[in-house]
Amino acid sequence: MNRFMHVKGKHVILSLVLFVFGYLVAVSYEQAQILLDDDPVSVEEWDRAFYYRQQLIDFEERNNALEQQINDLRVELLQMETSLSEEQQNLMSAVELKRELQAYVGELAVEGPGVFITLKDQDYVPDEANVNDYIVHDRHVQLVINELLSAGAEAIEINGQRIFHHSHVFCVGPVITVDGKTHPAPFTIEAIGDQDTLRQSLELEQGVIDQLVNERIEVEYGEKRVEMTPQ
C-alpha cells in the first residue's frame, strides 16, 4: 500500500511536471507565432523608415550642394559687378578726359564765367607823332594772353578765334594774324576762368593794363560769361 501510494505520488508529480512543460511549450509557441506574425510588419516599417531617412539625407546633401553653388554664384556676380563698375568708371574717366582734350584743342564749345579785355588804337594821334606809337601791336596782345594764362585761364580767344599755348600772333601793319588768320582792330580778348583772379591779375599795379595805357592803347575790360564755339 505504501509502495502504491509512493508510485501514485510520483505519477502525480510527473503529471504536474508534464503539464507545466506542456503549458510552457504552448506559451512559447504562441509567443513565437506572435513574433513571427509581427516580424513582416516590423521589417516593412523599418525599411520604410530607412528609405525616408536616406531620402532626407540625400535631400540635405543636394540642398547643401545647391547652397554652395548659390554662394559661388553670388561671389562670381559680386566680382562681375565690381569689374563692371571699374570698367564703367574707367570709361567715364576716358570720356571725361576725351571731352577735356576736345575742349582744350577747340573741338567742343566751352562756356563759363570769365573776363574780357578790348584793345583799341588811339583815336588821337598828334601830327608830329609816329602813328605806330598809337596802335595795337602783336606784343600788346601777347602781353595780355600771357598774363591771362599765368592767372589760370582755362580757355582764351581773340575776336572769336581760340588761342592755344602754341598759337602765334603776328602784327602786319594795322592788323594782326593769329595762326594765319587776320584780325583788324579792335581786338577783344576773352578768357574763361576764375573771374576775381583774372581781373586782379590784369589790375596789378604796374601790370598789364598800366603798361597798355602807358603805351597809348585804349583799354576796356570787365567780367562776363564767355561762350566759345568749336573751331
Would you mind writing out the side-chain donor-acceptor pairs for residues 189-197 within the sub-3.5 Å range, not counting sequence neighbours?
{"unit_1": "E190", "atom_1": "OE2", "unit_2": "K224", "atom_2": "NZ", "d": "2.6"}
{"unit_1": "D194", "atom_1": "OD2", "unit_2": "D196", "atom_2": "N", "d": "3.4"}
{"unit_1": "D194", "atom_1": "OD2", "unit_2": "T197", "atom_2": "N", "d": "2.9"}
{"unit_1": "D194", "atom_1": "OD2", "unit_2": "T197", "atom_2": "OG1", "d": "2.8"}
{"unit_1": "Q195", "atom_1": "NE2", "unit_2": "G114", "atom_2": "O", "d": "3.1"}
{"unit_1": "Q195", "atom_1": "NE2", "unit_2": "K224", "atom_2": "O", "d": "3.3"}
{"unit_1": "D196", "atom_1": "OD1", "unit_2": "R199", "atom_2": "NH2", "d": "3.4"}

Worksheet item: For N90 and E86, does a side-chain donor sit closer than 3.5 Å to a side-chain acceptor?
Response: no
Item to complete: Compare all side-chain heavy atoms of E87 with those of L84 and state whether any distance is below 4.5 angstrom.
Response: yes
Item to complete: Could you tell me whether the side chain of I145 reaches within less than 4.5 Å of the side chain of I158, counting heavy atoms only?
Response: yes
Discussion item. Are L202 and L148 packed together at the side-chain level, in the sense that at least one heavy-atom pair is separated by less than 4.5 angstrom?
Written reply: yes
Worksheet item: Judged by modelled atom types alone, do E215 and Y134 share a side-chain donor-acceptor pair under 3.5 Å?
Response: no
Worksheet item: Taking the six-membered ring for Trp, are H137 and H140 parallel (under 30°), tilted (30 to 60°) or perpendicular (over 60°)?
Response: tilted
Worksheet item: Between L212 and N214, is any pair of side-chain heavy atoms under 4.5 Å apart?
Response: no
Discussion item. Using the salt bridge (Lys or Arg N to Asp or Glu O under 4.0 Å) criterion, which residues pair with E111? Sequence neighbours excluded.
Written reply: R225
Fill in: Between Q68 and D72: side-chain donor-acceptor atoms closer than 3.5 Å
yes
Item to complete: Mark yes when over 12 heavy atoms from residues, nucleotides or ligands other than E67 sit less than 6.0 Å from its CD; otherwise mark no.
Response: yes
Worksheet item: Do the non-hydrogen side-chain atoms of F187 and N159 ever get within less than 4.5 Å of each other?
Response: yes
Worksheet item: Does any donor atom in the side chain of T177 or T182 lie under 3.5 Å from an acceptor atom in the other side chain?
Response: no
